[in-house]
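To keep things clear, I will list the structure first and then write my remarks on it.
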Amino acid sequence: MPELPEVETTRLGVRPWIKDKVVSGVSVRCDRLRWPVPDLNHLLVGSTILDVQRRAKYLLLPSSHQGTLIIHLGMSGSLRIAPIEASPGPHDHIDIRFEQYCLRMRDPRRFGAVLWSAQPLAHPLLKSLGPEPLSEAFDIDYLWRQARHRKVAIKSLLMDGKVVVGVGNIYATEALFMAGIHPNRPCNRISKQRLARLLEAVKRILTQAIAKGGTTLRDFQREDGRPGYFRLDLRVYGRAGETCHQCGRKLKSLKINQRASAYCGYCQR
DNA sequence: CGAAACTCCTGAGCGC
DNA sequence: TGCGCTCAGGAGTTTC
């Protein structure tokens with residue numbers, strides 16, 4: 001599931017291949033993603049991709065045609081650099097072709113999105129997003145202000161894009177374990193000191209995951225097809241019923257927002 | 001306003 | 001061998 005580390009890994013992998021390159025053609029084999037895919041032929045062909053940027057889990061590809069392509073990978077999306085002659089697989093919905101190769105988007109579950117905007121940061125989907133988790137804006141005073149008056153589960157807060165972006169189920173689960181905080185604990189019942197631990201845990205987990213190319217569970221792959229290796233570092237996610245690495249007790253699981261949340265009932269309070 | 005339920009989709013894993 | 005069921009989950013949308 002692409003979360004911030006997977007999107008950042010994709011950005012870094014893809015950027016050298018398409019930055020400052022001219023789009024020679026586009027194939028949209030399925031235009032029914034989360035929203036209908038716009039007419040990329042008309043928008044992109046002949047233009048130069050000026051950069052590959054990221055805001056939250058959105059990839060932003062500003063084009064010399066006075067607009068920016070916005071790509072979201074949803075749950076199962078991935079981007080690859082593929083030879084033009086390589087025939088597309090069943091869920092390879094979109095090719096953006098360059099002279100020697102193409103940028104190919106695959107998304108089996110089609111929760112992803114491809115959009116076009118003249119002002120991407122002002123786009124309705126992006127304009128109300130919270131701070132980047134690895135930025136200085138995401139600091140303890142900010143998190144404390146967000147948490148102190150709310151009573152939702154702390155895990156819900158971490159996964160709320162209006163509070164902080166990019167933290168999905170995997171990394172929220174791991175950060176809470178690292179900080180020793182129970183995922184279901186109401187946010188207004190966590191001391192500032194413990195919130196500070198959580199803040200550092202979020203930053204550390206995301207930084208480590210980016211360094212390892214993200215987490216590959218099933219669908220995620222890098223631009224060259226390799227997996228990400230952070231899966232080997234997961235300490236609680238997907239391990240309910242197995243043994244806690246810290247105390248040896250059995251990890252439990254509960255549902256928060258219809259999402260599985262593995263935790264250790266002894267190490268996390 | 002916040003909070004929770006609902007929604008999109010396909011493949012994996014399971015029981016029989 | 002294959003059917004039908006449940007589950008996974010990002011995040012926008014709807015409802016209360």
Side-chain angles (χ1 to χ4, degrees), chain A residues 1-11 29-37 54-59 70-79 88-94 105-115 117 120 122-133 145-176 183-189 202 206 209 214-221 227-228 230-231 234 236-241 253-263:
Chain A
M1 340 284 141
E3 299 183 27
L4 188 142
E6 291 74 38
V7 178
E8 183 64 10
T9 296
T10 298
R11 184 182 81 84
R29 286 174 287 273
C30 172
D31 63 3
R32 292 167 294 113
L33 297 183
R34 174 132 203 204
W35 296 281
V37 176
R54 180 187 61 73
R55 171 70 176 112
K57 298 176 193 170
Y58 296 92
L59 287 169
I70 303 175
I71 300 177
H72 195 289
L73 298 175
M75 275 232 359
S76 58
S78 60
L79 297 179
H91 303 292
D92 290 338
H93 304 312
I94 297 174
M105 180 179 185
R106 171 179 300 184
D107 187 5
R109 271 163 266 189
R110 290 197 273 126
F111 280 18
V114 173
L115 302 163
S117 171
H123 191 281
L125 295 176
L126 282 84
K127 69 178 182 199
S128 317
L129 293 173
E132 291 286 326
R145 280 200 306 278
Q146 292 293 320
R148 61 184 305 182
H149 296 305
R150 302 234 256 152
K151 55 180 191 289
V152 280
I154 182 62
K155 180 156 179 273
S156 297
L157 192 84
L158 280 184
M159 293 176 66
D160 182 346
K162 290 189 284 301
V163 175
V164 60
V165 300
V167 184
N169 203 30
I170 296 174
Y171 299 113
T173 299
E174 292 296 312
L176 286 163
N184 226 0
R185 175 164 283 271
C187 356
N188 61 359
R189 291 187 43 240
V202 168
L206 292 176
T215 301
T216 295
L217 293 178
R218 186 182 307 154
D219 297 303
F220 178 70
Q221 53 181 0
F230 194 72
R231 181 181 191 166
L234 296 179
V236 278
Y237 179 87
R239 296 192 60 244
S253 181
L254 55 82
K255 284 246 177 189
I256 300 174
N257 296 353
Q258 285 117 336
R259 261 160 240 145
S261 305
Y263 69 101

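Note that this is a predicted model, so its numbers are computed, not measured. A note on names: the letters A, B, ... follow the listed sequences, proteins ahead of strands, and every chain is numbered from 1.
Computed from coordinates, the A:E3 CD to C:dA11 P distance equals 8 Å when rounded to whole Å. Taking atom CD on A:Q258 and atom P on B:dC8, their separation rounds to 14 Å, with Å as the unit. Between the CZ atom of A:R109 and the C1' atom of B:dA12 there is a distance of 9 Å, rounded to whole Å. In this structure, the NE2 atom of A:H91 is 13 Å from the P atom of B:dC9, given to the nearest Å. One interatomic measurement links the two molecules: CZ of A:R34 to C1' of B:dC9, which rounds to 11 Å at whole-angstrom precision. If you measure from atom NZ of A:K151 to atom P of B:dG2, you get 11 Å, rounded to the nearest angstrom. Following rounding to the nearest Å, A:M75 (CE) and B:dC8 (P) show an atom-to-atom distance of 15 Å. For the pair A:M159 CE and B:dG2 P, the computed distance is 19 Å after rounding to whole Å.
A donor-acceptor pair is defined here as one N or O able to donate and one able to accept, closer than 3.5 Å; such a pair exists between the side chain of A:E174 and the backbone of A:V236.
Under the side-chain hydrogen bond (donor to acceptor under 3.5 Å, both in side chains) test applied with A:N169, the options A:E3, A:R259, A:K155 reduce to a single match, A:K155.
Using a 4.0 Å heavy-atom distance criterion, A:R259 is classed as a base contact. Counting non-hydrogen atoms under 4.0 angstrom, A:L125 reaches the backbone sugars and phosphates but no base. A:K162 comes within 4.0 angstrom of no nucleic acid atom, judged by non-hydrogen atoms across all strands.
The aromatic ring of A:F111 sits over the base of C:dG10, with ring centres less than 5.5 Å apart and planes inclined by under 30°.
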